[in-house]
Amino acid sequence: MKTFEQIFGAPWTAAAEAPGRVNLLGEHTDYNDGYVLPIAIPQKTRVFLRPGLTKVFRLYTASLDEVAEFDLTSLPDRQFARYIYGCLRQLEILELKVPVLDIYIDSQVPMELGLSSSAALEVATLRALRLLLQLPLDDVRIAQLAQRAEIEYAGVNCGIMDQMASSLADSERMLFLDTRTLERELLPLPDDSEILVVDSGVKRTLAASKYNERRSECESAAQQLGVAALRDVTDPERLASLPPRLRRRAHHVVTENNRVLRARQGITPEEFGQLMNASHASLRDDYEVSIAELDQLAALLQGQPGVYGARLTGAGFGGACVALCKSGTAIISARTVLGLYNRPERKGRRLVPEEAGPKVQ
Ligand code: GLA
């Protein structure tokens with residue numbers, strides 16, 4: 001791998017990192033002012049910076065071995081550069097002065113799998129800028145700026161979960177977050193359990209357009225029910241007046257919020273697993289963001305002896321499944337499931353655990 005100095009001709013002066021995340025419960029609830037329960041994954045994105053030696057921003061990504069150049073007057077063509085551009089523009093809006101920079105990205109977070117590689121890139125970039133320029137930004141502010149960057153420059157009208165998880169979570173405890181108030185709490189994983197993430201082998205497609213469509217459906221449902229957001233409904237019976245499609249979407253959100261609140265109470269791994277299975281069914285049947293491969297993978301995982309529960313994780317339409325496993329069984333389950341999972345072109349692979357950690361093994 002090429003070094004910063006080889007690419008830019010001088011050493012870096014500030015560096016920072018941020019992790020990806022896997023969401024355990026609370027999917028498609030954050031843009032409804034609801035509750036989420038993600039945990040950081042061990043894989044991180046690292047960003048290295050120095051004030052630039054030329055008149056334009058220069059950006060190198062080690063995973064693509066590619067350089068992009070841009071200035072702040074027009075949106076860069078390359079997608080990976082847009083996340084950085086978005087972060088820099090947010091600082092400009094706050095009237096914080098940013099010099100031209102040379103930027104080097106090295107990411108271990110798998111892309112397009114629903115593990116928040118973009119949030120990790122945004123948060124790591126803003127952290128490195130905070131360090132270099134001594135900016136008065138706390139971790140919540142960083143998450144909020146990162147979310148704005150994603151919405152305005154990457155075309156996804158996302159909620160705040162991913163950026164808050166990347167900025168505030170660690171890989172040993174779950175981050176309970178109320179996305180309306182930003183009240184949060186780090187919670188232990190259910191007793192005697194560990195997390196497994198498996199790539200379905202299907203890259204997400206249509207994710208941005210379908211995501212934005214789901215978000216507007218939820219907003220219409222909230223409007224028809226006369227509430228500020230679907231978070232304000234707790235009883236699914238209240239959804240009876242909605243037209244069928246909006247009722248199904250809202251039903252997912254209301255029941256999913258209830259599942260997160262239940263999980264927050266410190267439940268057994270068996271019950272936690274049942275909530276994950278119910279979440280998958282709801283994402284498949286009510287929210288309609290699953291695909292056949294994710295259903296197959298989730299079902300295979302759910303059928304393993306050491307697995308308490310499993311579901312698709314992230315926005316859906318491809319990507320990965322997450323399972324809660326009995327401690328010490330994640331690797332065995334992964335091997336068995338990958339042997340049975342029939343996807344010849346890009347066979348699913350085990351993503352987490354990758355580096356051993358105490359709980360997310
Ligand atoms: C994406 C978005 C998040 C969240 C999830 C679905 O990851 O960035 O804000 O909405 O989808 O739960």
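Counting convention: from 1, in listed order, for ligands and their atoms alike.
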Practice problem: Enumerate the atoms of ligand 1 whose separation from the nearest heavy atom of A315 is less than 4.0 angstrom. | Solution: 11 (O)
Practice problem: Number the atoms of ligand 1 from 1 as they appear, then name those within less than 4.0 Å of a heavy atom of Y31, with their elements. | Solution: 10 (O)
For [atom], what is the nearest protein heavy atom, given as residue, atom name and distance?
{"atom": "atom 11 (O) of ligand 1", "answer": "Y211 CE1, 3.4 Å"}
{"atom": "atom 3 (C) of ligand 1", "answer": "D30 OD2, 3.3 Å"}
{"atom": "atom 7 (O) of ligand 1", "answer": "D162 OD2, 2.7 Å"}
{"atom": "atom 5 (C) of ligand 1", "answer": "M161 CE, 3.8 Å"}

Quick check: does any side chain N or O of [X] sit under 3.5 Å from a backbone N or O of [Y], one acting as donor and the other as acceptor?
{"X": "R127", "Y": "S167", "result": "yes"}
{"X": "T29", "Y": "V253", "result": "no"}
{"X": "R259", "Y": "Q274", "result": "no"}
{"X": "R58", "Y": "G52", "result": "no"}

Taking distance alone, with no angle check, do [X] and ligand 1 share an N/O pair under 3.5 Å?
{"X": "H28", "result": "yes"}
{"X": "E27", "result": "yes"}
{"X": "G159", "result": "yes"}

Quiz item: Going by distance alone, is a donor N or O of one side chain under 3.5 Å from an acceptor N or O of the other, for D65 and Y60?
Solution: yes
Quiz item: Do the charged groups of R238 and D232 touch, with an N to O distance under 4.0 Å?
Solution: no
Quiz prompt | Verdict with supporting geometry, F70 and L59, side-chain contact (heavy atoms from CB on, under 4.5 Å) | solution = CA-CA 8 Å; F70 61 91; L59 175 61; 4.0 Å; yes
Quiz item: Quick one: does ligand 1 sit under 4.0 Å from the side chain of R21, the backbone, both or neither, non-hydrogen atoms only?
Solution: side chain
